[in-house]
Amino acid sequence: MATSNVTGQENDPFPLRLAAAHLPNPVQVHVNVISGGLPEGDEAFEELTRLGVKTIISVDGMKPDVETAKKYGLRYVHLPHGYDGVPQSRVMELAKAVRSLDGPVYIHCHHGKHRSPAAASVACVAAGLVEPKDAIKILELAGTNKHYVGLFRSAQRTRPIAETELDSFEPNFPEVAAVPPMADAMVALGHTHEHINLIAKSGWRAPPQHPDLDPPHEALLLREHFTEMLRTPEVEHEPAEFKRMLRDSESAARELETLLSNWHANGKYVSLPESIPLHARRITDNCKACHERFRDAPREE
């Protein structure tokens, strides 16, 4: 079972970075809680077992790899939250999880830099495992971007929850949570955008570490993500500026797809058209602006 409800002492060595070959950005938050990034493939799950982990908690919108986790005797719990902060209902669930589920517990988002350290911080503070004054240290060590003011605010404001309240609280801990279609689409879009960034760093050719990534095809997938999202009923109810940025990104992705297709079809890799990186920058700028305005603002705003 999880470690008992004991607050850290003055000489507590945590948080501290862990050395790991297959887990992104792992940070030991408490003797019973580790924050990090998405475990992908057998090697990552093997590494979790070597760390003694018994339960994995995903706070990412992506569907957890429950099948591989079970292969290594690990339990998956899916408690996703956004970049705008951790709602109190989720704080309660996370606190109960680190206090009552078999541990050590590994809490992850995609990169292990933003949502998972925030989730680990509020979980441990609320469960009485970490002093409130030390909450921000966890985010700082993990490298959480200061731009995510909602995540920092959640860490700053969380306080210990009474043991009697946690004892009587009986949440549902799903292996896979129901994620709204918009969130699902954003996760898929984000992964494809990461592929485009890798391709850009490789001179708009397939990255050596990912030779399977075909630049024109990834641009096509990106364009399709925007196109499909614009067709969803959820988008119809979004603000006009949100829809404008989606449409502009769809247009830029279409241009990027056409240019990359023509450039790669040439076969000789003549001089790269200047408009290729310009269209890619347009998409990135729209993503950043959209996140700042509609995703990353504190929840109460």
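From a predicted model like this one, the values you see are computed outputs, not experimental measurements. Position 1 is the first residue of the sequence; numbering continues from there.
- With His78 contributing its side chain and Ala177 its backbone, the two residues share a donor-acceptor pair below 3.5 Å.
- Side-chain contact check for Tyr72 and Asp42: at least one donor-acceptor pair (N or O, by modelled atom type) lies under 3.5 Å.
- Ring orientation note: the planes of His30 and Phe14 are tilted relative to one another, at an angle of 30° to 60°.
- Between Gly112 and Pro117, the shortest heavy-atom distance links the atoms O-CD, 3.7 Å.
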* To do: Could you walk me through whether Ser116 and His110 pass side chain to side chain donor-acceptor pair (under 3.5 Å), step by step?
  => CA-CA 8 Å; Ser116 62; His110 189 69; over 6 Å; no
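- Between Tyr106 and Gly37 the shortest heavy-atom distance is OH-O, 2.6 Å.
- Considering all non-hydrogen atoms of both residues, Ala120 and Ile107 come closest at CA-CD1, 3.8 Å.
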* For Arg282 and Asp248, what are the C-alpha separation, side-chain angles and deciding distance, and is it a salt bridge (charged side-chain N to carboxylate O under 4.0 Å, His left out)? -> CA-CA 8 Å; Arg282 198 168 126 205; Asp248 187 61; 3.2 Å; yes
* Passes side-chain contact (heavy atoms from CB on, under 4.5 Å), Phe169 versus Arg99? Steps please. -> CA-CA 12 Å; Phe169 180 52; Arg99 190 170 181 269; over 6 Å; no
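- Ion pairing between Lys137 and Glu140 fails under the 4.0 Å rule for side-chain N and carboxylate O.
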* Ser249 and Asn286: CA distance, side-chain angles, deciding distance, side chain to side chain donor-acceptor pair (under 3.5 Å) verdict -> CA-CA 7 Å; Ser249 293; Asn286 276 333; 3.1 Å; yes
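- Side-chain contact between Cys109 and Leu38: absent, with no pair of heavy atoms (C-beta onward) separated by less than 4.5 Å.
- Across every non-hydrogen atom of Thr158 and Val125, the tightest pair is O-CG1, 3.4 Å.
- Between Arg244 and Glu238, no side-chain nitrogen of the basic residue sits less than 4.0 Å from a carboxylate oxygen of the acidic one, so the salt-bridge criterion is not met.
- Between Thr192 and the choices His225, Glu218, Arg223, the side chain to side chain donor-acceptor pair (under 3.5 Å) rule is met once, by His225.
- By the criterion of side-chain heavy atoms lying less than 4.5 angstrom apart, applied directly or through intervening Ile, Leu, Val, Met, Phe, Trp or Tyr residues, Leu278 is not grouped with Leu272; the two fall into different hydrophobic clusters.
- Taking CG from Leu256 and CG from Leu260, the interatomic distance works out to 4.5 Å, rounded to the nearest 0.5 Å.
- Defined by atom type and a distance below 3.5 Å, a donor-acceptor pair is missing between the side-chain atoms of Ser251 and His279.
- Between Glu250 and Arg254 there is a salt bridge, with a side-chain nitrogen of the basic residue lying less than 4.0 Å from a carboxylate oxygen of the acidic one.
- Proximity of Trp263 to Arg205: side-chain heavy atoms (C-beta onward) are separated by under 4.5 Å at one or more points.
- Using a 4.5 Å cut-off on side-chain heavy atoms (C-beta onward), Pro132 and Pro160 make contact.
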* Asked: Does the side-chain contact (heavy atoms from CB on, under 4.5 Å) test come out yes or no for Ser121 and Leu139, once each step is laid out?
  -> CA-CA 8 Å; Ser121 175; Leu139 279 67; 3.8 Å; yes
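- When all heavy atoms are compared, the tightest approach of Phe173 to Glu93 is CE2-O, 3.5 Å.
- How far NE2 of His22 is from CD of Glu46: 8.0 Å, rounded to the nearest 0.5 Å.
- One distance of note links CG of Leu141 with CG of Leu16; it measures 7.5 Å at 0.5 Å rounding.
- Asn25 and Arg17 are linked by a side-chain donor-acceptor pair at a separation below 3.5 angstrom, with hydrogens and angles left out of the test.
- If you take OG on Ser275 and CD on Glu255, they are separated by 8.0 Å, rounding to the nearest 0.5 Å.
- In this structure, Glu170 places its CD atom where only 12 or fewer heavy-atom neighbours from other residues, nucleotides or ligands lie under 6.0 Å away.
- With hydrogens and angles left out, the side-chain atoms of Thr68 and Asp65 include a donor and acceptor closer than 3.5 Å.
- In this structure, Leu259 CG and Ile276 CD1 are separated by 5.0 Å, a value rounded to the nearest 0.5 Å.
- Taking 4.5 Å as the limit, every side-chain heavy atom of His108 sits out of range of all side-chain heavy atoms of Val59.
- Contact check on Arg115 versus Asp60 returns a salt bridge, with a Lys/Arg side-chain nitrogen under 4.0 Å from an Asp/Glu carboxylate oxygen.
- Counting only heavy atoms from C-beta outward, the side chains of Phe226 and Arg247 never approach each other to under 4.5 Å.
- Glu47 is not listed as a side-chain neighbour of Pro39, based on a closest heavy-atom distance of 4.5 Å or more.
- Two residues are said to be in side-chain contact when any heavy atoms from C-beta on lie closer than 4.5 Å; Glu257 and Leu221 fail this criterion.
- Checking side-chain atoms of Thr144 against main-chain N and O of Lys113 turns up a donor-acceptor pair under 3.5 Å.
- Note: the hydrophobic cluster containing Phe45 also contains Val176 (ILVMFWY, side chain heavy atoms under 4.5 Å, direct or indirect links).
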* Dump the intermediate steps for side-chain contact (heavy atoms from CB on, under 4.5 Å) on Val27 and Ile34, then the final yes or no. => CA-CA 6 Å; Val27 172; Ile34 301 169; 6.0 Å; no
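- Annotation: side chain of Leu222 is in contact with side chain of Ile283 (closest heavy-atom distance under 4.5 Å).
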* To do: In sequence, state the C-alpha distance, the side-chain angles, and the governing distance for Thr284 and Arg281, and then conclude on side-chain contact (heavy atoms from CB on, under 4.5 Å).
  => CA-CA 5 Å; Thr284 297; Arg281 170 55 58 184; 3.8 Å; yes
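- When the side chains of ILVMFWY residues are joined at heavy-atom separations under 4.5 Å, either directly or via intervening members, Leu246 and Leu220 end up in two distinct hydrophobic clusters.
- The local environment of CD in Glu194 is crowded, with over 12 non-hydrogen atoms from other residues, nucleotides or ligands closer than 6.0 Å.
- Rounded to the nearest 0.5 Å, atoms CG (Leu23) and OG (Ser35) are 11.0 Å apart.
- Proximity of a side-chain donor or acceptor of Lys96 to a complementary backbone N or O of Pro171 within less than 3.5 Å is not detected.
- Not one N or O on the side chain of Ser154 forms a donor-acceptor pair closer than 3.5 Å with the backbone of Gly85.
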